[in-house]
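Just so it is clear, the structure is predicted and the values come from calculations on it, not from any experiment. Per chain, numbering begins at 1; letters A, B, ... match sequence-line order.
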Amino acid sequence: MNDIPKAYNPKLTEDKWYKYWEDKGLFEASIDAKKRPYTIVIPPPNITGILHMGHALNNAIQDILIRYKRMQGYEALWLPGTDHAGIATQNVVEKELAKENKKRQDLGREEFLKRVWKWREEYGNTIIKQLKKLGCSCDWSRTRFTMDEGLSDAVLEVFIRLYEKGLVYKGDYIINWCPRCQTALSDEEAQHRDVEGMLYYIKYPVKNPKSEIRNPKKEEYVIVATTRPETMLGDVAVAFSPKDKRYKHLKGKKLILPILNRELDAVFDRLVDPKFGTGALKVTPAHDPIDFQLGLTHGLTPVNVMNPDATMNKEASVDYEGMDRFECRDALLEDLKERGLLVKTEPHRHAVAHCYRCHTMVEPRLSKQWFVRMKPLAKKGIEAVKKKRVKFYPARWTKVYLNWMENIKDWCISRQIWWGHRIPVYYCNKCEDGIVVSKKKPDKCQKCGSADMVQDPDVLDTWFSSWLWPFSTLGWPGETEDLKYFYPTDTLVTAQEIIFFWVARMIMAGLEFAGEIPFSGVYIHGTVRDATGTKMSKSLGNIIDPLDIINEFGADALRFSIISITAVGQDVFLSKEKFEMGRNFANKIWNASRLVLMNLDRDKVRVDLCKFYDKSKLELKERWIVSRFYQTLENVGAALDSYKINEAVKLIYEFFWHEFCDWYLELAKSTFSKEDTQVILYKVLEKSLRMLHPFMPFVTEEIWQRLPHEGDSIMVATWPHIQKDLIDKKAESDMELIIGVITSIRNIRSTWRIEPKRFIAAYLKSAKKESRETLAENEDYIKRLARIEELKIVTKEKRPEASVIGVFDDVEIYVPLQGVIDYEKERSKLAKRLEELENRSRDLSGRLKNKKFLQNAPKEVIQKFKSTQEELKDQIGKLKSNLKSLS
RNA sequence: GGGCGCAUGGCGCAGUUGGUUAGCGCACUUCCUUGACAUGGAAGGGGUCAUAGGUUCGAGUCCUAUUGCGCCCACCA
């Protein structure tokens, strides 16, 4: 076995095994009536994206779950795919066009879309390839894309159903408008960020009804405060709180809009907060949601002063027409200042909406858009979660979800872009009110019979296709076998940022259209941040590229490390060094296996462990490691079943490294030739690899293939069955004693600087017969690992002359030292220990005397405390006599 | 304005329903190039669990308040 390199090299294994699994079709799920399905649907990454750490974490979790379930015998389907990301993709392709000095309008809609499809063919699969690098065991034969024929059909079907139910409507409302992308956005797509802005105080003259002649000295003013002075060009009123006494007298009066000299109504409304600014609100119904509301209530006609690209239009007056909104702000402020109408400016911090795709400041804008009425849909979604048919992990997100759902607002779904599902609505060019909603273009208008029908130019929000993902990917609206077998799916794994965008909407869509919840569990993991706690993003340049990590440390290391530092729902802070842990562990697994492979007699080990296992025949170390394995297996299973993946990872790490490698392998070295050791070594390693496989698929496959095995791949081997009767508590406590004694001797060797190579003598004294037996039966372990040549196990003998003392539980350890012993050092060591024990003992006896404690505490606890107290007293006695013997 | 999360050894983090002596990784100290592994082994040092109260026989864990950091939501003109 000299062909096994000393260090594990992921580069030699990862691609090889991925291809092997793929070629054998192991990722593919089929409908198997004998098996129970377990389904995870991937949160579809956006085709313009590249794999970042958030994806790596997200997909590592999903892959662990799906591999675990697959090994447990479920028909495990992990359904992958991508999302067409309307705005983002269109932006990317438009940027490409810009290099050729072209705009999308130059190509025309059809040509442009061809171009996008071409782009998608070329680059849209990058992220899929990267997921393969991570080791994701998705069923790629079922890969879906939101613009696929089937999924597109589902989108149209849903739009039509909603329209027919009256849940989709078109109307003029204030929406979030991105001037750069030139499209409407939903509320969720407009992300609020705090901005250091200014609050400008501007004088609006009150119109004097008696005299048309203005006398600047006697003129009365109302001062309004605004953060966006440029919108004043669209003002149609000034509003006050009805309770505000300062402005009572203005009822029925008019004000004059400075510069444009337009007449403004004075209106009174409860929406106005008298405490903000001066209590006077300028009303711009076309550019602000509250103002729009005020406009409706008070019958004001909105004046839109901006073009789609947020430059001022001609309504804004010739002086400002064509200026950008911010340019206009400056110009306007200058003009106001000149006329002495700008009273003051003060700094004002406030949240401003930004486009989630390009981060441009969103402009609230009045326009005609399509909306989905959400309240009726939300009702079912709320109920499903309240009845726990859908559960969140961690549970606290339930509240966040419910709060959003209970205050849900209508969803603006139309986008003024070209890349996406075009709205299936056709208008008659002849008669005004001929509207047909249909998957296909109608032949003629149903009202007037004209064949001149045009389709709505807008497309649907990308999330309008994503919300159908769990069932549209399985063939809905068709009643497919897949849908019947795999739907509803089991677990959705996603990040917190996407609960509103996606999770909530999927629940609503699943219930409304597929008639069933889309998944029963929602696992929300943390956000990946860099070492300073800022969210990783391309624009900040603080990205740690998962592919770099895979390249340097391996995919297994990446998966293992990122999982082990992710507690449920807690954010993850990353730095490159953190991946060393996973790499080191992979290497440890590799070398432990290397040791086994170098010493394995392959013919001897093919037996059934349960049949082979004979408690009376096996040595302690074998009984112990088998017991520890099954105990770990049980705990790992429990952790995984409750989504505590980091806990599972830690259990495995601890077991494999610190028990199997540090102790068992060291002990097994002396008995490699024995059949018992051969079998147990092989069995525990092979089963451990299976337990490790979901977490570290590549290194486990590489080793497993080199071990005697049955079947094609560890990936489809069964998850080890827990053998409860092989969990041997006596063996575990016996081994603890041995380990404790060895450690204690090593400690003595270390403090007294006994050369590591030298064999020494040691005396082990215990009053307990049981302990003496355990020590005697396993004295070889102690001799080997503590380098003892002469070991005496005694009952009552006094401390040998010129020896130092160690204690573990009921066992006293004496190591005779040649040369001069520093008794002062030894005394102070023991005295320190004695003090510690006495403190603890005092504490314990206090509790044990407490009546309430004896009444209330569980019996096991009292028993534990009592036995501890006895042991403590015993140890204290020994320490005292030892101290005495030193003087 | 509302809601949520986090404060545990130098750093990054675990800590299940309250129950002996609070764990892990990195870093640190000393020793070890013995044929699985220096991406390693052995032995150590290091923590008033943010602060102040409270509940309890018993609090890192539950309650209240305070401080600091972070996140989310909201019609902060």
Within this structure, what is the [atom1]-to-[atom2] distance between [X] and [N], rounded to whole angstrom?
{"X": "Gln191(A)", "N": "C73(B)", "atom1": "CD", "atom2": "P", "value": "7 Å"}
{"X": "Glu647(A)", "N": "G23(B)", "atom1": "CD", "atom2": "C1'", "value": "12 Å"}
{"X": "Asn407(A)", "N": "G2(B)", "atom1": "CG", "atom2": "P", "value": "15 Å"}
{"X": "Arg365(A)", "N": "C75(B)", "atom1": "CZ", "atom2": "C1'", "value": "20 Å"}
{"X": "Arg753(A)", "N": "U30(B)", "atom1": "CZ", "atom2": "P", "value": "9 Å"}
{"X": "His350(A)", "N": "G1(B)", "atom1": "NE2", "atom2": "C1'", "value": "17 Å"}
{"X": "Trp657(A)", "N": "A38(B)", "atom1": "CH2", "atom2": "C1'", "value": "11 Å"}
{"X": "Trp752(A)", "N": "G44(B)", "atom1": "CH2", "atom2": "C1'", "value": "16 Å"}

Could you identify the nucleotide paired to [N], looking across every strand shown and requiring Watson-Crick or G-U wobble geometry with both distances under 3.5 Å?
{"N": "A7(B)", "result": "U67(B)"}
{"N": "C62(B)", "result": "G54(B)"}
{"N": "C49(B)", "result": "none"}
{"N": "G1(B)", "result": "C73(B)"}
{"N": "A38(B)", "result": "none"}

Taking the six-membered ring for Trp, is the centroid-to-centroid distance between [X] and [Y] below 6.0 Å?
{"X": "Phe585(A)", "Y": "Tyr8(A)", "answer": "no"}
{"X": "Tyr653(A)", "Y": "Trp657(A)", "answer": "yes"}
{"X": "Tyr643(A)", "Y": "Tyr393(A)", "answer": "yes"}

Could you tell me how far [M] sits from [N] if I compare only their [atom1] atoms? Round to whole Å.
{"N": "G41(B)", "M": "A50(B)", "atom1": "P", "answer": "32 Å"}
{"N": "G23(B)", "M": "C49(B)", "atom1": "C1'", "answer": "12 Å"}
{"N": "G5(B)", "M": "G46(B)", "atom1": "C1'", "answer": "29 Å"}
{"N": "A42(B)", "M": "U33(B)", "atom1": "P", "answer": "15 Å"}
{"N": "A65(B)", "M": "A22(B)", "atom1": "C1'", "answer": "26 Å"}
{"N": "A7(B)", "M": "C62(B)", "atom1": "P", "answer": "11 Å"}
{"N": "G2(B)", "M": "U56(B)", "atom1": "P", "answer": "32 Å"}
{"N": "U61(B)", "M": "G19(B)", "atom1": "C1'", "answer": "11 Å"}

With distance as the sole criterion, do the side chain of [X] and the base of [N] form a donor-acceptor contact below 3.5 Å?
{"X": "Lys669(A)", "N": "A36(B)", "answer": "yes"}
{"X": "Glu577(A)", "N": "A27(B)", "answer": "no"}
{"X": "Lys588(A)", "N": "C37(B)", "answer": "yes"}

Phosphate-side-chain proximity, [X] and [N], N/O vs OP1/OP2 below 4.0 Å:
{"X": "His192(A)", "N": "C73(B)", "answer": "no"}
{"X": "Lys6(A)", "N": "C37(B)", "answer": "yes"}
{"X": "Asn403(A)", "N": "G2(B)", "answer": "no"}
{"X": "Lys852(A)", "N": "U56(B)", "answer": "no"}
{"X": "Asn584(A)", "N": "G40(B)", "answer": "yes"}
{"X": "Thr743(A)", "N": "A43(B)", "answer": "yes"}
{"X": "Lys275(A)", "N": "A77(B)", "answer": "no"}
{"X": "Lys409(A)", "N": "C75(B)", "answer": "yes"}

Salt bridge check, Lys866(A) against Glu871(A): does any charged N sit closer than 4.0 Å to a carboxylate O? no
Shortest side-chain distance from [X], nucleotide among [options]:
{"X": "Pro756(A)", "options": "A14(B), C75(B), C31(B)", "answer": "C31(B)"}
{"X": "Ala7(A)", "options": "A42(B), A36(B), U39(B)", "answer": "U39(B)"}
{"X": "Met598(A)", "options": "A36(B), G58(B), C76(B)", "answer": "A36(B)"}
{"X": "Asn591(A)", "options": "G3(B), U20(B), C37(B)", "answer": "C37(B)"}
{"X": "Cys661(A)", "options": "A42(B), A36(B), C75(B)", "answer": "A36(B)"}
{"X": "Ser750(A)", "options": "G19(B), C76(B), A43(B)", "answer": "A43(B)"}
{"X": "Met581(A)", "options": "A77(B), G25(B), A43(B)", "answer": "G25(B)"}

Using a 4.0 Å heavy-atom cut-off, does [X] contact any base of the nucleic acid, only the sugar-phosphate backbone, or nothing at all?
{"X": "Val400(A)", "result": "nothing"}
{"X": "Tyr653(A)", "result": "sugar-phosphate"}
{"X": "Glu654(A)", "result": "nothing"}
{"X": "His658(A)", "result": "sugar-phosphate"}
{"X": "Phe500(A)", "result": "sugar-phosphate"}
{"X": "Asn850(A)", "result": "sugar-phosphate"}
{"X": "Thr227(A)", "result": "sugar-phosphate"}
{"X": "Arg583(A)", "result": "base"}

Does atom NZ of Lys852(A) have more than 12 heavy-atom neighbours, drawn from other residues, nucleotides or ligands, at distances under 6.0 Å?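 Open.
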Closest contact, heavy atoms only, Pro274(A) versus Arg246(A):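 So the minimum-distance heavy-atom pair works out to O-NH2, 3.1 Å.
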Between Leu854(A) and Leu848(A), what is the shortest heavy-atom contact and its length?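 Nearest pair, atom of Leu854(A) first, then Leu848(A): CD1-O, 3.4 Å.
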Does Leu595(A) or Ala280(A) map to a spot on RNA chain B nearer the 5' end, using the closest nucleotide for each?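 It is Leu595(A), whose closest nucleotide lies nearer the 5' terminus.
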Relative to the 5' end of RNA chain B, which residue comes earlier, Asn856(A) or Asp843(A), by the nucleotide with the nearest heavy atom? Asp843(A)
Test log, rule salt bridge (Lys or Arg N to Asp or Glu O under 4.0 Å), inputs Glu702(A) and Arg706(A): CA-CA 7 Å; Glu702(A) 175 68 25; Arg706(A) 291 168 186 250; 2.9 Å; yes
Output, in order, the C-alpha distance, side-chain angles, deciding distance and verdict of salt bridge (Lys or Arg N to Asp or Glu O under 4.0 Å) for Lys873(A) and Glu870(A). CA-CA 5 Å; Lys873(A) 285 194 169 156; Glu870(A) 273 171 39; over 6 Å; no
Passing option when Leu558(A) is tested against Met53(A), Met696(A), Glu552(A) for side chain to side chain contact (heavy atoms under 4.5 Å, CB included): Met53(A)
